[in-house]
Enquirer: 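Structure below; questions to follow.
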There are 2 protein chains.
Amino acid sequence: MANALRGAIQRGEYPPNEWLPNEGRLAEEFQVSRGTVRAALKILENEGRIGMRQGRGVYVRDFRPIVHLAAQVPGGTDAERFTDGYAPQLREAGYDRISESIEVQLETMRPKVAKRFGLPAEAEHNGSPQDRLVVLRQCDRFVDGRLWERQITHYPYSIAAETELMSPEHITDGIDQVLGRLGYTEDWSWDIVGARMPSPREVESFGVGHGIPLLVQERVAYAGDRVTRFTETTMPADRHQLLYAGGDAPAELLLLASDVSIFER
Amino acid sequence: MANALRGAIQRGEYPPNEWLPNEGRLAEEFQVSRGTVRAALKILENEGRIGMRQGRGVYVRDFRPIVHLAAQVPGGTDAERFTDGYAPQLREAGYDRISESIEVQLETMRPKVAKRFGLPAEAEHNGSPQDRLVVLRQCDRFVDGRLWERQITHYPYSIAAETELMSPEHITDGIDQVLGRLGYTEDWSWDIVGARMPSPREVESFGVGHGIPLLVQERVAYAGDRVTRFTETTMPADRHQLLYAGGDAPAELLLLASDVSIFER
DNA sequence: AAGTGGTCTAGACCACGGG
DNA sequence: CCGTGGTCTAGACCACTTC
């Protein structure tokens, strides 16, 4: 039954955003019990093809991912890119009501964070405990009232202490400038990109349906051999793609690639 | 019940690769019917946390993704990276029996492919039909007998005709060299990275369980303003991550980042 | 109030894996 | 052969959405 429905969807018999017949009707149509219908729908839901809403019905999912310029160290900060480059692009794509919320905390590094900063995972008392303090800035970006992406950046406390990095405000002149004024010029970085399924918590906060993976990007930036920050960005993969440039790419790259979608056939 | 089990797994009460109690026992333990047990297990399966094997049982999934150096135009070909850089890394990680199979076809561009080559999606007869011919090289890489990644590269027929690109052999000296000899020096490219759930077909060919997304990387490479190739790489996200360098990254980058995992806590 | 999906039950039989 | 998960049924009640 799942195969039959998948075919019907792919053939366009149920176009994107259209409601399917209700479970009872499907049960009649396919001459099976409602339990079987639900099992079939679950399969399609977990493939990300349909969404199910209690009290409403079952609809065909639509995929229109937006391309993210993931340009590296030279090329402005993420926040900058969001407000200057990304938000306009979103508006063009028909989205509106774009906002962000920022929270700042001071904490001791989790083992994962310590690793990213090049410290041994467990505090072995070789070095002052101060070295393991990080300022954590969590920036949630909302589009049309839904969480769009979540970015968590860790700065060493030794760099961020007593600076504007510790206040939960949008940094208008860009992180680059701030770090530059503090004497840290980032000259290289790496990104790791992967994907995983969301936890129930994440399903709730992102408002994604089952069957939608999360894209996860980790970035560690360096000034020489000093780690200046570690950023983890999480985005639902039905709405986000990352764009990386190689070689001498032209400035209009984003325009060129902005309507690319991995969901195309 | 899914929450309880998820907690138990996270607390390490069921370590990775361990079998869970069977469905009957779980039903007793939680005082629910077997249907409910299965619903709970389905949830965890679709989150990628457990795998279910008929006739065997239910086990806790392990995530040890391998980091892929996705370095760009300067830095050798993908095939090169696979045999020279990647395969050794895999062997170190305990994998063995690495092989690849190559198939070559000549086809007319699908609309998606035409777009990547900068042609209008539909053939509007402005230009010879020859311009829409592509040589398609599908390279499947197998590790331990399972499909590990699938890479499909499209070359314009006008470039690839009568060259070794049309024979289904491993290109030992690298695509770069071949294209260079043909007078095409790739000087820039872009990558788009996204994720989606696999189709049932892909579930079968990759041998992934439900709940494991696929990482999809599209790359278009240019020699000047001429597109030399379009490559689409598909990889299960539980075993693959992509590494991108920014700025003046050191040569040992891969070593530095090779044990990073987005699944760490 | 009516209609939708969400959850749960108890029981049956099938298909696969391993001894 | 037996134990495992895979599929299916028929029926019940709950929770959410809409009118």
Enquirer: Identify which one of A:Trp148, A:Phe263, A:Phe206 satisfies the ring pair (Phe, Tyr, Trp, His ring centres under 6.0 Å) criterion when paired with A:His240.
Expert: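 Result for ring pair (Phe, Tyr, Trp, His ring centres under 6.0 Å) with A:His240: A:Trp148.
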
Enquirer: Within the sub-3.5 Å range, which N or O atoms of nucleotides 6-10 of chain C have a protein N or O partner, and how far apart are they?
Expert:
{"residue": "C:dG6", "atom": "OP2", "partner": "A:Arg38", "partner atom": "NH1", "Å": "2.7"}
{"residue": "C:dG6", "atom": "OP2", "partner": "A:Arg38", "partner atom": "NH2", "Å": "3.1"}
{"residue": "C:dG6", "atom": "N7", "partner": "A:Arg34", "partner atom": "NH2", "Å": "2.7"}
{"residue": "C:dG6", "atom": "O6", "partner": "A:Arg34", "partner atom": "NH1", "Å": "3.1"}
{"residue": "C:dT9", "atom": "OP2", "partner": "B:Ser33", "partner atom": "N", "Å": "2.7"}
{"residue": "C:dT9", "atom": "OP2", "partner": "B:Ser33", "partner atom": "OG", "Å": "3.0"}
{"residue": "C:dT9", "atom": "OP2", "partner": "B:Thr36", "partner atom": "OG1", "Å": "2.4"}

Enquirer: Does B:Lys42 pair with B:Glu45 as a salt bridge, N-O distance under 4.0 Å?
Expert: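 Yes, B:Lys42 and B:Glu45 are salt-bridged.
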
Enquirer: Taking only side-chain nitrogens and oxygens of B:Arg56, does any of them come within less than 4.0 Å of OP1 or OP2 of C:dG18?
Expert: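 Answer yes for this pair, as a side-chain N or O of B:Arg56 is under 4.0 Å from OP1 or OP2.
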
Enquirer: Salt bridge or not between A:Glu28 and A:Arg25? Use side-chain N to carboxylate O under 4.0 Å.
Expert: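 Salt bridge between A:Glu28 and A:Arg25, a charged N being under 4.0 Å from a carboxylate O: no.
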
Enquirer: Should the pair B:Arg6-B:Glu47 be classified as a salt bridge under the 4.0 Å nitrogen-to-oxygen rule?
Expert: yes

Enquirer: Flag the pair B:Lys115 and A:Glu264 as a salt bridge only when some basic side-chain nitrogen lies within less than 4.0 angstrom of an acidic carboxylate oxygen.
Expert: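 A salt bridge links B:Lys115 with A:Glu264.
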
Enquirer: More than 12 heavy atoms of other residues, nucleotides or ligands under 6.0 Å from CD of A:Glu204: yes or no?
Expert: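 Open.
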
Enquirer: Rounded to the nearest angstrom, tell me the gap between atom CG in A:Leu44 and atom P in C:dG5.
Expert: 14 Å

Enquirer: Rounded to whole angstroms, how far apart are CG on B:Asn22 and C1' on D:dT4?
Expert: 7 Å

Enquirer: For B:Leu41 and D:dG5, give me the distance from atom CG to atom C1', rounded to whole Å.
Expert: 10 Å

Enquirer: Using the closest heavy atom to pick a nucleotide of DNA chain D for each, name whichever of B:Val58 or A:Gly55 lands nearer the 5' end.
Expert: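 Result of the comparison: B:Val58.
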
